[in-house]
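Report on the structure given below.
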Amino acid sequence: MAQEMSLSSPAVGVRIPLAERMAAETGREASLNRRPRFAERAIGLFLFACGALSILTTVGFTIVLGSEALRFFATMEWLNANKQTTAAVTAADSRLTVGTGGSTIQVGDMLRLGIGDSAEQVRVVEVAEAETLVVERGVDGTQAIDHTVNTPMFVGVQVTLDKFLTDTKWAPQIGRFGIMELVIPTLVITIIAMVVSIPLGLGAAVYIAEYATPRVRGILKPILEILAGIPTVVYGYFALTFITPLLQAIFGLNVKVYNMASAGIVVGILIIPTISSIGEDALRAVPRALREASYGLGATKLETVYKVLLPAALSGIVAAVILGFSRAVGETMIVLIASGAGPNLTVNPFDSAETMAGHIARISTGDLSFGSIDYNSVFAVGLTLFIMTLLLNFASTLVTRRFREVYQ
Amino acid sequence: MVRKLAIVVGILLLVASFSSVAAQDGTIVDVAAGNEDFSTLAGLIQSAGLTDALSAEGPFTVFAPTNEAFAALPQPVMDYLGTNTDLLSQVLNYHVVEGSMMSGDIAAGEVATLDMGNTVNVAVDDMGVHVNNATVVTADVAASNGVIHAIDSVLIPAITLPEVDPLAVTENIVIAGSSTVYPVTQRIADLFNQDGFGGTITVDSIGSGAGFERFCVNAETDISNASRPIKAEEVEACQGNGRAPLGFYIGIDALAITVSSENDFVDSLTLEQLAQIFGGGTNITWADVNPAWPAEPIQLYSPGSDSGTYDYFVEAIFEQDETPIQNAGGVQFSEDDNVLVVGVESSPYAIGYFGFAYYQENKDRLKVVSIEGVTPSEETGASGEYPLSRPLFIYSAPSIMQEKAQVATFINYYLQNVNAQLGTGADQIGYIPTNEYIQRQSKLYWLAGTGAMSSGM
């Protein structure tokens, strides 16, 4: 900045430096280097703030997600046992009588008696009879205290990373936290979406970039972009009320009314514009000389597209596909409406199942109370989703770097 | 063997009753005071100043609510009766009939009580003797001036609530809770607005549990809709916020188990079969439940775990242990009953459950299944004959009703108008109205909640 100023100033070429000359004329020291331009500086700061805000938001997300998810793994979750004590106990008693019904209590289980500050934790040492428990009182830093009859009981569950990744059932209410039951359907729907969107999206990109006349391109491109502007809730009902009956008409009653196939197909349609518009940009960025060389060697248009343009634009196309993939993984409204509303470990596309994003949305509808099992588990699901998209973005960067072809 | 035992027990009972008749060692008041089961009643008789009246020659027949019957009344109601001796003595007099009426010579019909001749309805059936909605649990406890029959709930005389003027109150009312109660509350709110109430009434349908969370823990709603009675820990949370919950019983919901109207094989299920179906998930076929049915996988639709309907189903079918239904694969859970209706309708092999009202609305698309041979209907639900029926409540608290006149007025309006909105007629919501005795109870609760002096009893 300072250098530029001195270069553009009239003092260039004059032997006596400007500052000295000015000092001689005005009788005081002058510094040209430090003339502040507040407006410029303010604009710079504002633009920096814009950039910083988005980075800070990402950092904030990561911190909140990470800390809440950590809490989920680090602390014990308390499930309502739907049981109460059937007799009052004093602080010294080691036998509890509890009601029938509710959860089955086993030896070694951690129980919490009561709620709030008056809660006490006990460890089950022996299940004497169905309704009598021998317990160790006041464990984990809690005090053994008196409890009245009908004190509510909660069973503690410790979630480990191992259980989280290997269990096959996601049912927080009963203490089962197998994330795979949500991850597998997410992948099934995403794969279906990619099967739909990659050929269609790339086809559209190639057509618009290479085949279409400028007139046709002028009409087609905005229309494709409108597709990206349709609210996803509309797509959701399109899947439920049009695609699903269509699938049922073709494949019969094996197709459930809420199924992954129809949601996947529609998610695929949703991401066509993403893939086609980024793919088209990549194709058009291929230098004209390459095309002309290919034609000059006698290649047909198809040969030019497949042998020259697509390889040349590969990094951009891979980026487009991966962007579409992350969009499909995180898509919420369509799967919420069309793919079903209960975790289900299945790869049958005609079956109902729930994706991670869909699960978060469904569980969070209504009131989710702070610290409840649903609340904590939702963060673990969110973090998994976040890690998945993050990995995809890394992959995208790697692939782009690996396949980048530079023509200069 | 059983017969022999019955005879022995009979003789023992006979001896016991004779011995109690023989032990006429005090008046009704003395007997009540000396009997552990009646200590609450004895205390109330004393504070109402009825000791002398009931120690008089008589003879009297007293239908005496046990301590448990009084304990079933919410604390605010007991407090209210404790401070309002006029009302208390009316209520107590309503339990007293002139003349000594032993259980053997009880005749069914309307019997005048000491409460200004208001009558109680006495009925006898194979379950025993009923007085209004109460049942005699111990008969013929003799006293020197009459006889005491212990009953299992407090009798409440007819109560007329003050006239409602929706124009007289302003400001807003915030309501949240059960999705089952939602349509009723919304309807009453609309009528209240139509009748001139100027404030805004918001009614959120978020499930009973979430409703109590907002009512008790956050203390941000004025009324909580609930399709189950409030739980002990919720009462505790409420009291922590200075709210003593008061539940108004406003209707009865029957859970409807439904299949698609294309399903031509299921007409009736037992509770065990329901447990097998909803606990088995999509891993079992209809043929596993009954060999005569097709070997097709069962498709299951259930309200989400935030809804009172789900809680009630788990309680009624799985004894409050939700493990089977949560462990069953492929069950579809949704808080949105329409999602369930669409799902059940979609396949002849689907089954689902939801409130009776939603079935009524979609009658032509769904087929309702009889449970243990009983078809859900207004009659079978109100009588309790249908095994999957449950009470519906709105909860508020005296502190709210006294602070916000609009809430008290709205509940009054609710209690006076709700029954006309329930039923199976056109324009009615498909729940079952409560009977006269339950309404009296709600009205008494309202008086207790507002702290109003009794009027027009």
Side-chain angles (χ1 to χ4, degrees), chain A residues 79-84 99-104 114-118 148-152 154 168-176 181 240-241 244-245 248 253-259 336-337 340-346 348 351-354 362-363 365-370 372-374, chain B residues 176-177 179 204-207 209-214 217-218 231-234 236-237 240 262 281-282 296-297 299-307 310-311 314-315 318-336 339-340 342-350:
Chain A
L79 314 171
N80 194 338
N82 287 314
K83 261 186 195 306
Q84 281 102 32
T100 52
S103 313
T104 311
I115 51 168
D117 297 335
S118 64
T148 57
V149 64
N150 286 336
T151 302
F154 301 85
T168 55
K169 185 79 212 160
W170 181 265
Q173 278 88 12
I174 56 165
R176 296 196 58 183
E181 202 178 24
L240 185 63
T241 58
T244 299
Q248 284 176 328
L253 274 176
N254 298 327
V255 182
K256 297 201 176 150
V257 64
Y258 303 109
N259 65 77
L336 188 64
I337 294 170
N344 190 6
L345 189 66
T346 176
N348 176 2
D351 219 341
S352 312
E354 200 170 40
R362 179 173 65 85
I363 291 299
T365 336
D367 279 18
L368 201 55
S369 51
F370 177 78
S372 69
I373 296 156
D374 279 342
Chain B
S179 58
D204 291 337
S205 165
I206 56 177
F212 281 128
E213 183 89 21
R214 280 177 68 180
V217 179
N218 304 337
K231 291 178 186 166
E233 64 259 32
E234 289 161 344
E236 208 170 302
E262 287 167 36
T282 41
E296 292 283 345
Q299 299 178 22
L300 297 166
Y301 294 90
S302 160
S305 53
D306 224 10
S307 79
Y310 169 85
D311 288 346
V314 168
E315 185 189 322
F318 295 115
E319 295 183 336
Q320 293 197 324
D321 182 5
E322 57 190 326
T323 315
I325 188 170
Q326 287 285 343
N327 253 341
V331 183
Q332 297 295 298
F333 293 100
S334 179
E335 312 293 341
D336 181 350
V339 168
L340 304 176
V342 169
V344 172
E345 189 197 2
S346 72
S347 162
Y349 308 116

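Just so we're on the same page: letters track the sequence lines, and every chain starts at 1. Because the structure is a prediction, the values reported are computed rather than measured.
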| field | Top contributor to chain A interface from B:Val339, B:Asp336, B:Val342 [non-hydrogen pairs under 4.5 Å] | value |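 Heavy-atom pair counts peak at B:Val339.
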| task | Work out which heavy atom in A:Leu240 is nearest to a heavy atom in A:Val257; give both atom names and the distance. | result |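 Shortest heavy-atom contact: CD1-O, 3.7 Å.
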| message | For the interface with chain B, which of A:Ala171, A:Gly340, A:Ala341 has the highest count of heavy-atom pairs at distances below 4.5 Å? | response |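 The residue among A:Ala171, A:Gly340, A:Ala341 with the greatest pair count is A:Ala341.
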| task | Go through the structure and list residues passing side chain to side chain donor-acceptor pair (under 3.5 Å) with B:Tyr310, not counting sequence neighbours. | result |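 Only B:Glu322, B:Gln326 meet the side chain to side chain donor-acceptor pair (under 3.5 Å) criterion with B:Tyr310.
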| ring-ring contact (aromatic ring centres under 6.0 Å, His included) partners for B:Phe212, two or more places apart |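 Only B:Tyr395 meet the ring-ring contact (aromatic ring centres under 6.0 Å, His included) criterion with B:Phe212.
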Identify which part of [X] has an atom lying under 4.5 Å from any heavy atom of chain A, answering side chain, backbone, both or neither.
X	value
B:Asn327	both
B:Val217	neither
B:Tyr301	side chain

| field | Exam field: side chain B:Glu262 to backbone B:Pro348, donor-acceptor pair closer than 3.5 Å | value |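 It does not hold such a pair.
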| message | Let's go through B:Asp321 and B:Thr323 carefully: what are the C-alpha distance in whole Å and the side-chain angles of both, what is the deciding distance for side chain to side chain donor-acceptor pair (under 3.5 Å) to 0.1 Å, and is it a yes or a no? | response | CA-CA 6 Å; B:Asp321 182 5; B:Thr323 315; 2.6 Å; yes
